[in-house]
There are 2 protein chains.
Amino acid sequence: MPTIKDIARIAGISVTTVSRALNHYSDVSAKTKKRVFDIAKEIGYVPNRSAQNLVKRKNNTLAIILSGLERKGGKDNIVYQLLSGMYSYAESVNYEVVLFTTSSAHQKEKTYIQFCKEHNIGGAVLNGIRIDDPYFHELVNSDLPCVLIDVLAEGGNTSSVTIDNIEAAKDAVAYLITQNHRTIGMINGRKEADVSIQRYKGYIKALKQHHITIDEDKIIYADFDEVKAYEKTKSLLRRYPEITALFCASDMMAIGAMRAIKDINLRIPQDISIVGFDNIPLSEYTTPPLTTIDQDFYKRGAEAAKQLLKMIQQEKVEKNIFLEHKLLARHSVHML
Amino acid sequence: MPTIKDIARIAGISVTTVSRALNHYSDVSAKTKKRVFDIAKEIGYVPNRSAQNLVKRKNNTLAIILSGLERKGGKDNIVYQLLSGMYSYAESVNYEVVLFTTSSAHQKEKTYIQFCKEHNIGGAVLNGIRIDDPYFHELVNSDLPCVLIDVLAEGGNTSSVTIDNIEAAKDAVAYLITQNHRTIGMINGRKEADVSIQRYKGYIKALKQHHITIDEDKIIYADFDEVKAYEKTKSLLRRYPEITALFCASDMMAIGAMRAIKDINLRIPQDISIVGFDNIPLSEYTTPPLTTIDQDFYKRGAEAAKQLLKMIQQEKVEKNIFLEHKLLARHSVHML
DNA sequence: TACACTTACCGAAACGTTTTGGATAATGCG
DNA sequence: CGCATTATCCAAAACGTTTCGGTAAGTGTA
């Protein structure tokens with residue numbers, strides 16, 4: 001592999017000058033500069049990133065730390081879109097993205113910080129990390145810039161990009177109420193998850209605003225899991241046949257719920273109306289197409305990368321960025 | 001950031017010994033070794049990957065070069081699954097994965113080889129690369145180990161992991177024939193794509209085996225695109241109302257076709273039977289659920305990584321690995 | 001006791017860059 | 001002409017690690 005030394009030797013100049021030529025410094029004549037580039041091209045010179053990073057003590061690399069890159073995890077496409085958005089922004093500013101998963105971290109007993117420092121990484125975007133993960137706190141409390149997806153930023157050098165989950169959930173439930181539903185169950189995610197808490201609040205808020213009594217028993221937690229949602233919905237609907245509508249904290253759970261509804265011989269939306277959350281690609285193809293809360297994960301990823309870059313460059317940033325959401329009325333809700 | 005020098009200083013030993021202790025060499029006493037690790041932990045030492053890579057002249061990194069990581073590209077989940085499988089294998093053998101996209105390559109005028117060499121990458125997995133991409137040939141003809149997804153390997157230091165696309169397509173079409181279909185259209189992908197060619201061959205083969213006359217006009221090319229498939233299917237079915245079944249070279253196109261069928265007021269499967277290809281998550285949720293050819297992209301990714309690693313370690317490998325496929329009969333095919 | 005081994009350690013070079021702090025020669029200006 | 005300025009270039013140090021080729025002390029053996 002040719003190096004700048006080779007170029008220097010061939011051109012009969014110093015490595016300093018070669019380096020400066022390659023980096024477009026102004027103190028090298030146009031002639032030598034051209035010479036250097038010609039030789040570089042001819043001998044197939046490619047800069048060695050490791051050497052560059054070593055001396056520059058930085059990397060132009062962003063990390064994305066994901067809770068799951070698992071076999072069956074990608075059905076909702078969220079991680080993909082996040083990644084895609086993040087990647088596209090990073091690329092536009094000449095940064096690279098490297099992945100790290102929580103599972104591999106714990107398996108190798110390597111904390112997120114260790115990973116980032118080892119790779120000289122400028123900052124990290126975190127998605128789907130459990131707030132009871134000790135590595136998570138270590139990272140967030142460090143000085144490394146972090147941007148969190150979907151959980152509000154607290155201390156440290158962190159910020160977040162989310163949507164207003166309370167408002168979004170409220171919109172969803174309010175919509176059901178305008179369609180004259182009064183007995184609305186909720187399929188929530190994990191009790192500990194930030195988004196679950198927010199969406200719960202939104203659900204409550206909507207009911208309160210319309211003076212509907214709240215029944216905590218009609219709220220179930222299905223771990224954002226399709227199969228669990230299927231099972232728990234079945235028993236929920238059996239227990240409370242008066243329920244006419246369901247608000248689900250994720251589309252995947254909504255899909256599980258839809259199957260449950262059909263399996264106990266109820267019709268969607270005539271017997272049970274249902275609204276999801278996320279607007280994943282799948283939601284458009286269910287029968288009937290799912291009414292849901294649209295949020296743009298691609299944009300979220302891009303925005304997170306943008307935010308992270310600002311933080312790395314020590315610019316002032318808002319602590320929490322809220323992106324838009326909107327209710328997407330398809331055909332899974334029926335007016336009573 | 002603490003370095004091994006700091007450890008050496010604190011422990012009162014040489015950096016050589018620290019390095020050798022950290023790397024579990026046998027010529028350092030148990031006592032000093034423990035000392036080194038204790039100090040490392042205490043001062044929060046993290047090895048600098050750039051420095052390591054520089055001196056070791058390698059990286060423990062695999063590249064995956066993708067044609068698309070685009071906003072709307074991920075609907076079929078294939079890239080995600082590939083990535084996920086590849087990542088999981090790489091992780092298990094302590095390798096890392098870095099992404100590179102063809103679009104960013106061309107935009108930055110940086111060839112795939114350049115990218116790989118710059119990053120000291122051991123080898124690359126390529127997915128969805130067009131065979132008329134000049135960078136592709138440059139890479140494949142280089143000495144860098146490459147494994148291709150879905151296109152047979154030719155010269156150079158390359159191998160491939162695919163399924164037997166001819167056989168798979170034949171299975172799909174033969175299945176339609178056993179259900180007494182005799183006028184079967186085909187929605188194929190891109191004319192130039194290797195898989196399209198193979199699947200075309202399989203389609204022909206099945207028809208010939210059952211002595212059905214072939215009508216090239218009933219084969220259309222929709223670029224693996226849902227919308228194009230929608231439009232082209234519409235006109236195909238209008239032109240040839242005698243068609244009773246469609247074989248699609250991808251599920252995404254099948255989904256577009258299904259919408260077209262419904263939009264011209266035909267029923268699936270009673271009027272038109274349809275079989276797809278890929279078994280993407282979506283295919284399970286369409287109405288009716290899509291009969292398709294199942295292939296395991298997660299496994300494909302893992303297998304590709306495995307293969308690549310062998311090549312990097314100079315082990316002998318088979319040129320082309322064929323993974324299993326199977327016909328998944330759901331409900332989009334009707335017996336005549 | 002003399003010798004060969006083994007064990008535990010170390011100095012210095014190397015990896016390929018960038019950067020610092022000049023040096024040298026040419027040019028402009030009064 | 002002398003001085004300051006500018007345009008080019010360069011030597012050497014630095015980044016953090018691994019590795020090569022040792023050395024010195026301790027151990028076992030004849």
Side-chain angles (χ1 to χ4, degrees), chain A residues 1-40 43-61 94 96 114-122, chain B residues 1-40 43-61 94 96 114-122:
Chain A
M1 286 277 284
T3 71
I4 52 171
K5 283 184 191 170
D6 297 311
I7 301 181
R9 194 172 27 76
I10 296 171
I13 57 178
S14 74
V15 294
T16 305
T17 306
V18 176
S19 172
R20 297 179 79 84
L22 256 13
N23 290 293
H24 304 285
Y25 276 64
S26 60
D27 67 348
V28 19
S29 70
K31 200 173 55 178
T32 27
K33 186 166 166 180
K34 179 172 179 343
R35 186 101 207 286
V36 165
F37 275 94
D38 287 349
I39 296 175
I43 66 176
Y45 167 75
V46 169
N48 181 313
R49 274 289 229 280
S50 300
Q52 290 179 323
N53 293 336
L54 178 58
V55 57
K56 291 212 209 158
R57 273 184 290 302
K58 68 159 183 168
N59 230 344
N60 280 26
T61 303
N94 250 297
E96 271 157 27
Q114 273 176 24
F115 174 79
C116 291
K117 298 222 157 157
E118 212 171 297
H119 289 258
N120 263 330
I121 276 166
Chain B
M1 285 276 286
T3 71
I4 53 171
K5 283 184 191 167
D6 298 311
I7 301 181
R9 193 172 29 75
I10 295 171
I13 56 178
S14 74
V15 295
T16 306
T17 306
V18 175
S19 171
R20 298 178 81 82
L22 255 14
N23 290 293
H24 304 285
Y25 276 62
S26 60
D27 67 348
V28 20
S29 70
K31 200 172 55 180
T32 26
K33 187 167 165 180
K34 179 170 179 345
R35 186 97 207 287
V36 166
F37 274 93
D38 287 348
I39 296 175
I43 65 176
Y45 167 75
V46 169
N48 181 313
R49 274 289 230 277
S50 300
Q52 289 180 324
N53 293 335
L54 177 59
V55 56
K56 293 213 210 156
R57 273 183 290 301
K58 67 160 185 169
N59 231 343
N60 281 25
T61 303
N94 250 295
E96 270 157 30
Q114 272 175 24
F115 174 80
C116 290
K117 298 222 158 155
E118 212 171 297
H119 289 258
N120 264 330
I121 275 166

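Just so it is clear: chains get the letters A, B, ... in the order the sequence lines come, proteins before strands, and each one is counted from 1.
- Here the P atom of nucleotide C:dC10 and the CD1 atom of B:Ile4 are 12 Å apart, to the nearest Å.
- Comparing B:Ile13 and B:Leu54 along DNA chain C, the residue whose closest nucleotide (by nearest heavy atom) sits nearer the 5' end is B:Ile13.
- Atom CG in A:Asn120 sits about 9 Å away from atom P in D:dG16, given to the nearest Å.
- Within 4.0 Å of B:Asn48, counting heavy atoms only, lie sugar-phosphate atoms of the nucleic acid but no base atom.
- Nearest to the side chain of A:Thr17, among C:dT17, D:dC9, C:dC9, sits D:dC9.
- Take the nearest nucleotide of DNA chain C for B:Arg20 and for B:Ala51: the residue whose nucleotide is more 5' is B:Arg20.
- Within 4.0 Å of A:Val46, counting heavy atoms only, lie sugar-phosphate atoms of the nucleic acid but no base atom.
- In the interface, the side chain of B:Thr16 is not paired with the base of D:dT18 through any donor and acceptor atom under 3.5 Å apart.
- Atom NZ in A:Lys31 sits about 13 Å away from atom P in C:dA26, given to the nearest Å.
- Within the 4.0 Å cut-off from OP1 or OP2 of D:dT18, at least one side-chain nitrogen or oxygen of B:Gln52 is found.
- Across all strands shown, B:Asn53 has no heavy atoms under 4.0 Å from either base or sugar-phosphate atoms.
- Counting non-hydrogen atoms under 4.0 angstrom, A:Thr3 reaches the backbone sugars and phosphates but no base.
- Nucleic acid contact class of B:Ser29 (heavy atoms, under 4.0 Å, all strands): sugar-phosphate only.
- In this structure, A:Thr32 reaches the D:dC9 phosphate: one of its side-chain N or O atoms is under 4.0 Å from OP1 or OP2.
- Annotation: side chain of A:Ile10 is not in contact with side chain of A:Ile7 (no heavy-atom distance under 4.5 Å).
- Protein atom CZ of A:Arg57 is 12 Å distant from nucleotide atom C1' of C:dT17, rounded to whole Å.
- For the pair A:Lys117 NZ and D:dG16 P, the interatomic distance rounds to 13 Å; values are reported in whole Å.
- Residues B:Val36 and B:Val28 form no side-chain contact, since every pair of their non-hydrogen atoms from C-beta on lies 4.5 Å or further apart.
- Using modelled atom types, one side-chain atom of B:Thr61 and one backbone atom of B:Asn59 make a donor-acceptor pair closer than 3.5 Å.
- Classification of B:Asp38 and B:Arg35 as a salt-bridged pair fails, no side-chain N sitting under 4.0 Å from a carboxylate O.
- Rounded to whole Å, the distance from NE2 on A:His119 to C1' on D:dC15 is 18 Å.
- For the pair B:Tyr25 and D:dT19, the criterion of a side-chain N or O lying under 4.0 Å from OP1 or OP2 is met.
- In this structure, A:Ser14 and B:Asp27 both approach DNA chain D, and ranking their closest nucleotides by distance from the 5' end singles out A:Ser14.
- Counting heavy atoms from C-beta on, the side chains of A:Glu96 and B:His119 come closer than 4.5 Å.
- A distance of 8.0 Å separates OG1 of B:Thr16 from CD1 of B:Ile4, quoted to the nearest 0.5 Å.
- Look at CG on B:Leu22: it is 12 Å from C1' on D:dT18, rounded to the nearest Å.
- For the pair A:Lys58 NZ and C:dT19 P, the computed distance is 10 Å after rounding to whole Å.
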